[in-house]
Structure formats: structure tokens, C-alpha cells
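All values below were derived from every heavy atom in this structure, side-chain atoms included, with hydrogens, water molecules and symmetry-related copies excluded.
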Amino acid sequence: MKIAVTYENGTIFQHFGHSEQFKIYDVENGKVISSRVVDTNGQGHGALSDFLANAGVNVLICGGIGAGAQNALAAVGIQIFGGVTGMADEAVETYLAGNLKFIPDIRCSHHDHHGEGHSCGDHKCGEDHQGCAGNHCHN
């Protein structure tokens, strides 16, 4: 099994679509046997689902995540645990202990201003989200 966590300086990065790094954990028999930090090489939003699928990831632990990204991850068979904060290593241990809470309706709230039918994968704010200034993903 492989678990990916949106990653920044040891913590869970809070905007899936802007993740520059993931920490990927290899797990056997309920224990982490190795981990590594990987760069996304500038890929964002929808492309990240393929990036994780190609890495063999089964489970994603992240902060905020939009509906488009959730759908893309579900399409490639990756289970999502969104709305998680704190240290990446601790979240993985909590998951392995069976105590990480799944929040099925977690949303990337800074996109709410776009209206109904919006998803992180199809917003038009520009790549750097200048149109979204001052808004953040949170649980």
C-alpha cells in the first residue's frame, strides 16, 4: 500500500491543487517501511490525480480539496482523507491505527465565490489564483 500526503515542511499542505510536494509512504503489514518526498514538477489540480496514480498511491491525506480533484482521484481509485491538519507523519500513523476521520464533504472553500457547479479543476482565476486572493482552503 502507498499513502500520499500533501506536504510542506513536515506538515500537511492545505491546498491539494497547489501541492508542490507529496510525502509518499510505503506500507506493509500496517507499518511504514519507507517514505520519500516527491516534487510535483509544477503539475496542479487535475494532473495531480494522474501523478499520484502513476506513483501507485492508494490513499491520499490532505487539507482542502475541491470537488473536481475529488472526482479525478475517485476515478483513478484513490481514497481521500481530506480536511486533515498537522504533521504528515502523525496523520499517517493515525490512519494506520484506524483513527483518521474521513470527511466526505470537505471542500476547497476559497472556490465558493465561483458559484454552483464549480470545481477546483475548472476555475478561471488564473494559474496563480490572483482572482482568489485572500481566500484559503481550510476544514
Side-chain angles (χ1 to χ4, degrees):
M1 164 188 259
K2 289 189 182 186
I3 301 170
V5 180
T6 53
Y7 191 77
E8 183 178 58
N9 297 320
T11 64
I12 299 166
F13 185 66
Q14 292 300 300
H15 186 161
F16 172 79
H18 283 243
S19 296
E20 293 180 9
Q21 295 181 319
F22 288 93
K23 189 166 184 180
I24 298 178
Y25 301 79
D26 295 301
V27 177
E28 287 184 12
N29 300 317
K31 301 282 184 198
V32 174
I33 58 167
S34 66
S35 65
R36 65 197 174 287
V37 175
V38 297
D39 290 326
T40 62
N41 299 318
Q43 298 181 69
H45 290 97
L48 291 176
S49 61
D50 289 335
F51 177 85
L52 294 173
N54 290 336
V57 170
N58 310 97
V59 173
L60 169 69
I61 298 172
C62 62
I65 184 168
Q70 289 182 38
N71 293 337
L73 290 162
V76 295
I78 296 175
Q79 183 180 15
I80 305 163
F81 286 82
V84 182
T85 60
M87 302 303 291
D89 292 349
E90 291 173 11
V92 169
E93 291 302 323
T94 301
Y95 169 79
L96 293 173
N99 296 322
L100 192 64
K101 302 295 182 224
F102 175 60
I103 304 172
D105 295 324
I106 191 68
R107 289 288 182 265
C108 195
S109 66
H110 80 274
H111 293 288
D112 291 345
H113 66 276
H114 292 284
E116 291 299 317
H118 168 76
S119 69
C120 281
D122 65 5
H123 64 78
K124 305 293 184 225
C125 318
E127 288 184 25
D128 61 0
H129 280 233
Q130 290 176 0
C132 300
N135 299 296
H136 304 281
C137 294
H138 55 82
N139 52 358

With sequence neighbours left out, the residues meeting side chain to side chain contact (heavy atoms under 4.5 Å, CB included) with N99 are T94, A97
Tell me if a side-chain donor or acceptor on Q14 pairs with a main-chain N or O of C62 at a distance below 3.5 Å. no
Quick one: list whatever passes ring-ring contact (aromatic ring centres under 6.0 Å, His included) with Y95, sequence neighbours left out. F81
Could you name each residue pair satisfying salt bridge (Lys or Arg N to Asp or Glu O under 4.0 Å) that touches residues 66-84, not counting sequence neighbours? none
Let me know which of L73, V76, V38 forms a side-chain contact (heavy atoms from CB on, under 4.5 Å) with L52. L73
When you compare the side chain of T6 with that of F22, does any pair of heavy atoms fall below 4.5 Å? yes
What heavy-atom pair brings A55 and I24 nearest, and what distance separates the two atoms? CB-CD1, 4.0 Å
By side chain to side chain contact (heavy atoms under 4.5 Å, CB included), V37 pairs with (sequence neighbours left out) Y7, Q21, K23
Validation row: V57, F51 side chains within 4.5 angstrom (heavy atoms): no
Would a single hydrophobic cluster contain both M87 and V32, if residues Ile, Leu, Val, Met, Phe, Trp and Tyr are joined by side-chain heavy-atom contacts under 4.5 Å? no
Should V59 and I12 be counted in the same cluster of Ile, Leu, Val, Met, Phe, Trp and Tyr side chains packed under 4.5 Å apart? yes
Test item: T40 side-chain N/O and S19 main-chain N/O as donor-acceptor pair under 3.5 Å: yes
pair I3-L96: side-chain heavy atoms closer than 4.5 Å: yes
Would you give the length of the straight line joining atom OG1 of T85 to atom CD of E90, rounded to the nearest 0.5 angstrom? 10.5 Å
Mind listing the closest non-hydrogen atom pair of I78 and S49 along with its distance? CD1-O, 4.2 Å
Check salt bridge (charged side-chain N to carboxylate O under 4.0 Å, His left out) between D26 and all other residues, then give those that pass, not counting sequence neighbours. K2, R36
With sequence neighbours excluded, residues passing side chain to side chain contact (heavy atoms under 4.5 Å, CB included) with A74: none
Evaluate side-chain contact (heavy atoms from CB on, under 4.5 Å) for F16 paired with I80, printing each intermediate quantity in order. CA-CA 11 Å; F16 172 79; I80 305 163; over 6 Å; no
May I ask whether I61 and M1 are part of the same hydrophobic cluster, defined by side-chain heavy atoms of I, L, V, M, F, W, Y residues being less than 4.5 angstrom apart, directly or through others? yes
